[in-house]
Amino acid sequence: DTPIYGRGDEVEHQYESQGWKALARYPSDDPSGGHFSCHDGNLVAVYGSPSQTVDSGFATELFENPEDLLCQTDGTFLAVGINPSDERVVIGTDKLGARPCYYVPDQSVFGTTVAACLPQIEPTVDTQALADFLHLGHLWGTRTLVQEVKAMRPATVYTYKNEDWQ
């Protein structure tokens, strides 16, 4: 198990329920770390430091009212909820996008790095993104250097259901 961040020890959490598998790995020296818990068979993972306590109320709101929850939550964080019985994933990004997240549009694949998504796809270089990066020094919008992987926007809720991200 090579560290995906390439800098030493990592903490790993695994979750399996009703055919869903989730793996979270982050550097053990990250002071904000992560919060992982199960509520009513649903996984809730929050990476970073949200202003709200991550408890059963947070978990309920993440699935029932994610937009309202994000509007009321400050801090730098990435919130992920997996509901296996409803076959739904909910991801909320903070207002600044300080905790990045990437996804593959037609698959239930996402991660905090583009590299974490690569084993699940056959990657091709996005030549327009590469040209933008070489010319401007950064990428625009949801583009990444890998055509099949997109970046999530800040202050946005993404839901994966019925084999589609919305």
Side-chain angles (χ1 to χ4, degrees), residues 2-7 10-13 15 20-27 30-36 43-52 54 58 61-63 65-83 87-166:
T2 304
I4 59 173
Y5 292 99
R7 49 183 173 162
E10 293 180 334
V11 175
E12 181 174 289
H13 294 276
Y15 169 80
W20 286 75
K21 295 180 183 178
L23 171 67
R25 293 168 68 179
Y26 56 91
D30 188 338
S32 61
H35 175 88
F36 299 86
L43 170 71
V44 174
V46 178
Y47 178 53
S49 304
S51 61
Q52 295 196 32
V54 180
F58 186 97
E61 286 298 304
L62 183 59
F63 288 107
N65 261 328
E67 289 86 2
D68 290 344
L69 176 67
L70 286 184
C71 285
Q72 299 167 9
T73 306
D74 292 322
T76 59
F77 64 90
L78 176 67
V80 177
I82 300 175
N83 180 328
E87 298 184 358
R88 180 171 58 132
V89 176
V90 177
I91 300 177
T93 57
D94 66 33
K95 294 171 181 144
L96 299 175
R99 300 289 181 169
C101 192
Y102 304 90
Y103 70 104
V104 178
D106 295 328
Q107 299 180 34
S108 61
V109 174
F110 59 93
T112 56
T113 64
V114 172
C117 299
L118 295 181
Q120 306 300 320
I121 61 171
E122 291 192 28
T124 53
V125 173
D126 183 333
T127 54
Q128 182 61 55
L130 180 59
D132 290 348
F133 184 75
L134 293 174
H135 183 70
L136 303 169
H138 63 275
L139 299 172
W140 290 101
T142 62
R143 276 205 142 110
T144 69
L145 294 176
V146 178
Q147 195 169 8
E148 296 79 8
V149 179
K150 303 298 178 202
M152 292 186 175
R153 295 184 181 277
T156 305
V157 173
Y158 289 79
T159 302
Y160 182 84
K161 186 165 175 69
N162 300 324
E163 300 182 15
D164 187 35
W165 286 99
Q166 302 167 356

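None of these values were measured; they are calculated from a predicted model.
In terms of heavy atoms, L139 sits closest to R143 at CD1-O, 3.6 Å. Considering every non-hydrogen atom in both Q72 and Q52, the closest pair reads O-NE2, 3.3 Å. Scanning all heavy atoms of the two residues, the minimum distance from P105 to W165 falls at O-CD1, 3.0 Å. Of all the heavy atoms in P154 and T156, the pair that sits closest is O-OG1, 2.8 Å. Closest approach of Y160 and S108 over heavy atoms only: CE2-CB, 3.3 Å. In terms of heavy-atom proximity, G92 sits nearest to F77 at O-CE1, 4.2 Å.
Considering L118, V125, T124 as possible partners of V146, the one that fulfils the side-chain contact (heavy atoms from CB on, under 4.5 Å) test is L118.
Residues L78 and I91 have side chains in contact (heavy-atom distance under 4.5 Å, counting atoms from C-beta outward). Residues F63 and R88 are in side-chain contact: their nearest non-hydrogen atoms beyond the backbone lie under 4.5 Å apart.
Within 6.0 Å of CD on E163 lie no more than 12 heavy atoms contributed by other residues, nucleotides or ligands. A 6.0 Å sphere centred on NE2 of H135 holds no more than 12 heavy atoms belonging to other residues, nucleotides or ligands.
The distance from atom CD of Q128 to atom CD of Q147, rounded to the nearest 0.5 Å, is 11.0 Å. One distance of note links CD of Q166 with OH of Y158; it measures 12.5 Å at 0.5 Å rounding. Atoms CG and CG, on L62 and D68 in that order, are 12.0 Å from each other to the nearest 0.5 Å. We find the OH-OG1 distance between Y102 and T142 to be 11.0 Å, quoted to the nearest 0.5 Å.
Put simply, the side chain of T144 gets close to the backbone of V149: a donor and an acceptor are under 3.5 Å apart. Between the side chain of R99 and the backbone N or O of V46, no donor-acceptor pair lies under 3.5 Å. Checked by atom type and distance alone, the side chain of T93 pairs as donor or acceptor with a backbone atom of R153 at under 3.5 Å. The closest donor-acceptor contact from the side chain of D94 to the backbone of L96 lies under 3.5 Å.
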Practice item. Would you please test L145 and V114 for side-chain contact (heavy atoms from CB on, under 4.5 Å) and show each step? Key: CA-CA 9 Å; L145 294 176; V114 172; over 6 Å; no
